[in-house]
Number of protein chains: 2
Amino acid sequence: MKKTIFETLKNLNFTEYEAKAYLSLLEESPLTGYAVAKNSGVPRSKIYEVLDSLAIRGDILVSPGNTPQYSPVPAKELIKNRRMEAEQNFELAEKSLAEFEQSANDRENIWNIMGRIEILQKVKDCIASSKTRILLEVWEEEYEELESELRQAVNRGVNVTIIAYGEIVSDFANLYLHYMGHEITEEYGGRWIVISADDSEVVAGIVSLGKDSRAAWTRHVGLVMPITEVMIHDLYLMEIMKKHRKPLEESFGENLVNLRRKFSIHPDFKKHYVK
Amino acid sequence: MKKTIFETLKNLNFTEYEAKAYLSLLEESPLTGYAVAKNSGVPRSKIYEVLDSLAIRGDILVSPGNTPQYSPVPAKELIKNRRMEAEQNFELAEKSLAEFEQSANDRENIWNIMGRIEILQKVKDCIASSKTRILLEVWEEEYEELESELRQAVNRGVNVTIIAYGEIVSDFANLYLHYMGHEITEEYGGRWIVISADDSEVVAGIVSLGKDSRAAWTRHVGLVMPITEVMIHDLYLMEIMKKHRKPLEESFGENLVNLRRKFSIHPDFKKHYVK
DNA sequence: TTTAAGTAGTTACCTTGGTAGTCACTATTA
DNA sequence: TAATAGTGACTACCAAGGTAACTACTTAAA
């Protein structure tokens with residue numbers, strides 16, 4: 001609980017000492033420098049430079065006198081101010097980086113994306129810039145984070161087809177579900193994501209390894225084509241299954257899950273990716 | 001020009017090396033690590049850790065291979081991502097600091113505010129939280145920055161009276177102008193600002209010294225009352241002047257500006273405040 | 001009235017980690 | 001061979017964190 005507060009304050013460019021001092025002032029104020037040091041755990045020998053830097057930034061107020069008193073700017077105001085500063089900086093950044101409007105249309109390279117958040121961000125960008133068709137193979141967990149982007153794409157007139165693992169519901173996309181219990185989910189060795197946008201751009205990779213998740217993004221025809229085709233074949237298969245499940249199950253033994261299991265990736269493959 | 005770009009990137013938590021590497025990738029991509037080092041001026045021996053940290057943050061993309069290629073995430077996307085992160089952090093901060101809703105209603109202390117921006121921010125907060133009446137003595141330069149807050153206050157039903165130095169126009173407030181040429185402005189030794197909100201809160205100080213500007217904020221009755229009264233007296237005087245200018249000018253010589261000049265603060269007073 | 005304890009503030013020094021900067025070394029490729 | 005590509009081992013610097021020892025003043029109890 002308290003850890004999150006400190007983390008949050010550090011993200012608002014507080015140092016540890018500054019965070020401690022500010023929080024103890026929020027709890028009780030006004031206080032003398034000595035008292036802030038005592039309550040916050042910041043060494044007395046440091047408290048005045050810490051309070052000074054807070055005062056100069058406008059995060060606390062100083063009441064001068066023989067023993068000055070310190071008081072915090074209310075958290076709400078502080079956040080409001082920080083937000084405005086940040087917004088200004090973003091606008092400045094947009095202006096000064098505007099000249100670098102690049103096409104970056106290389107059909108030769110394969111780009112590596114590290115980290116689950118980054119991967120999902122790239123997938124979102126893909127969806128957002130798509131014009132005609134999206135094929136998406138995705139797990140329930142990731143689908144939830146992509147739903148609003150997908151809905152927007154559909155509203156733009158993009159044809160969205162989703163092959164999903166898990167129990168998802170969608171009123172806007174063509175949906176194909178790979179039903180399965182949770183036990184089976186574990187066996188897969190991890191969740192992956194594959195997206196093909198406008199048959200010209202692909203992101204594919206593992207997303208269940210947190211920071212160690214890896215994906216590739218490419219416009220390389222030699223990859224876009226086969227990956228897109230694989231998904232299309234999967235769709236064929238599912239259409240066939242829908243209509244002819246019984247005869248197929250009979251010919252492959254008691255169920256098709258075992259067949260799937262036979263060809264699946266060995267769970268140990270993870271070890272190659274996780275440091 | 002280029003300095004601002006580096007400054008801006010540093011504010012988006014780039015290090016100097018990271019900024020150089022990213023900018024050179026924006027100018028030309030994809031590049032090998034070696035080429036990035038060459039174009040950007042980052043030492044070759046550092047370029048890979050720099051590019052790694054950029055890649056892990058998702059600011060650039062890596063195309064693996066015998067000699068990996070690097071490509072930047074377009075500036076627009078980068079800023080969009082940063083903005084989302086920042087917004088999330090602000091919302092988190094608001095939640096975790098919500099418990100510290102303090103009244104901070106001390107009528108005993110006088111709080112020192114350092115820096116022009118911080119002072120104006122405090123004045124804005126005062127205006128925003130006012131309920132009944134605002135008396136504001138202000139220069140044209142500062143008035144412009146406060147106008148929208150003042151307008152909102154009036155729309156809330158707050159009675160706003162402004163004593164202004166300079167040529168300002170306002171269709172919503174009671175406005176009293178101290179007309180004067182620019183030569184006279186210089187003589188004052190600096191611009192000040194005084195605001196009294198709801199007769200219970202006062203901010204007063206100098207705002208023309210940039211970072212060295214100083215102001216006091218207080219709810220101390222011993223200060224709020226006299227300061228508010230001084231402004232009211234100023235208003236009286238201006239009303240009187242409006243109607244009886246001629247006889248007064250006759251009794252004090254050719255004009256009243258000279259009288260004002262006689263009693264004004266000596267310009268050297270600045271030296272006490274500027275380091 | 002001296003003593004001890006608490007309050008208030010300052011000076012000096014030390015450690016650590018991250019960033020920056022340099023040199024020297026090995027491969028590989030054209 | 002020269003340019004390209006990559007690595008390891010240093011040094012320097014600074015901000016942040018951390019500790020110790022000092023002065024000076026006030027208050028309350030022995």
Side-chain angles (χ1 to χ4, degrees), chain A residues 2-3 5-25 28-57 59-71 108-110 112 275, chain B residues 2-3 5-25 28-57 59-71 108-109 112:
Chain A
K2 289 211 169 175
K3 278 176 197 169
I5 298 186
F6 277 101
E7 283 306 305
T8 313
L9 285 179
K10 277 184 188 170
N11 288 336
L12 300 175
N13 51 48
F14 280 69
T15 67
E16 199 179 314
Y17 282 171
E18 286 170 350
K20 283 180 180 173
Y22 180 71
L23 282 178
S24 73
L25 278 172
E28 188 186 349
S29 74
L31 292 177
T32 64
Y34 182 89
V36 175
K38 214 172 123 185
N39 295 353
S40 63
V42 176
R44 273 205 310 290
S45 57
K46 296 285 146 145
I47 198 65
Y48 297 99
E49 43 191 291
V50 168
L51 290 172
D52 273 357
S53 65
L54 283 171
I56 287 169
R57 286 212 307 257
D59 294 342
I60 65 171
L61 296 168
V62 189
S63 174
N66 51 350
T67 65
Q69 303 280 112
Y70 297 87
S71 179
E108 301 259 327
N109 281 293
I110 304 136
N112 191 22
K275 298 163 201 170
Chain B
K2 289 211 169 173
K3 279 176 198 168
I5 299 185
F6 278 100
E7 283 306 304
T8 312
L9 284 178
K10 276 184 188 171
N11 288 337
L12 300 174
N13 50 48
F14 281 70
T15 67
E16 200 178 312
Y17 282 172
E18 286 170 351
K20 283 180 181 175
Y22 180 71
L23 282 178
S24 74
L25 278 172
E28 188 186 350
S29 74
L31 292 176
T32 63
Y34 182 87
V36 175
K38 215 172 123 185
N39 295 353
S40 64
V42 176
R44 275 203 309 289
S45 55
K46 293 289 146 118
I47 198 64
Y48 297 100
E49 45 190 290
V50 168
L51 290 172
D52 273 357
S53 64
L54 283 171
I56 287 169
R57 284 211 309 256
D59 294 341
I60 65 172
L61 297 167
V62 190
S63 174
N66 51 349
T67 65
Q69 302 280 112
Y70 297 87
S71 178
E108 301 260 327
N109 281 293
N112 190 21

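The basis for the numbers below is simple: all heavy atoms, side chains too, and nothing from hydrogens, waters or symmetry mates.
The structure places CG of L9(A) at 9.5 Å from CD of E7(A), a figure rounded to the nearest 0.5 Å.
Note on residues 14-25 of chain A: pairs passing side-chain hydrogen bond (donor to acceptor under 3.5 Å, both in side chains), not counting sequence neighbours, are E18(A)-S53(A), E18(A)-R57(A).
Between the NZ atom of K20(B) and the P atom of dT19(C) there is a distance of 15 Å, given to the nearest Å. When the C1' atom of dA20(C) is taken as reference, atom CZ of F14(B) falls 18 Å away, rounded to whole Å. Per the geometry, CD belonging to E49(A) stands 11 Å off P belonging to dT10(C), to the nearest Å. The interatomic distance linking Y48(B) (OH) with dT26(C) (C1') rounds to 13 Å, in whole Å. dT7(C) atom C1' lies 13 Å from atom CG of L31(A), rounded to whole Å. One atom, NZ of K10(A), and another, C1' of dG17(C), lie 13 Å apart when rounded to the nearest Å.
The stretch residues 34-47 of chain B comes close to DNA chain D through Y34(B), K38(B), R44(B), S45(B), each having a heavy atom under 4.0 Å from the strand.
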Enumerate all atom pairs, one protein N or O and one N or O from nucleotides 27-30 of chain C, separated by less than 3.5 Å.
none

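What you find for A55(A) and V62(A) is that their closest heavy atoms are CB-CG2, 3.6 Å. Residues A21(B) and I47(B) come closest through the heavy atom pair CB-CD1, 4.3 Å. The two residues K46(B) and E49(B) come nearest to each other via the heavy atoms O-CG, 3.1 Å.
Mapping heavy-atom proximity under 4.0 Å, the span of DNA chain D touched by chain A runs 5' to 3' from dA16(D) to dA20(D).
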Please table the atom pairs, donor to acceptor, closer than 3.5 Å between any side-chain atom in residues 31-41 of chain A and protein atoms at least two apart or in another chain.
{"residue": "T32(A)", "atom": "OG1", "partner": "A35(A)", "partner atom": "N", "Å": "3.1"}
{"residue": "S40(A)", "atom": "OG", "partner": "V36(A)", "partner atom": "O", "Å": "2.6"}
{"residue": "S40(A)", "atom": "OG", "partner": "V42(A)", "partner atom": "N", "Å": "3.2"}

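Under the 4.5 Å side-chain criterion, counting only non-hydrogen atoms from C-beta, F14(A) is not in contact with T8(A). Between L54(B) and L25(B) the shortest side-chain heavy-atom distance does not fall below 4.5 Å. Annotation: side chain of L61(B) is not in contact with side chain of Y70(B) (no heavy-atom distance under 4.5 Å).
Between T15(B) and the phosphate of dT19(C), there is no side-chain N or O to OP1/OP2 separation shorter than 4.0 Å. Regarding contacts with the backbone of dG21(C), a side-chain N or O of Y17(B) is found under 4.0 angstrom from either OP1 or OP2.
Residues passing the side chain to side chain donor-acceptor pair (under 3.5 Å) test with N112(B): none are found, sequence neighbours excluded.
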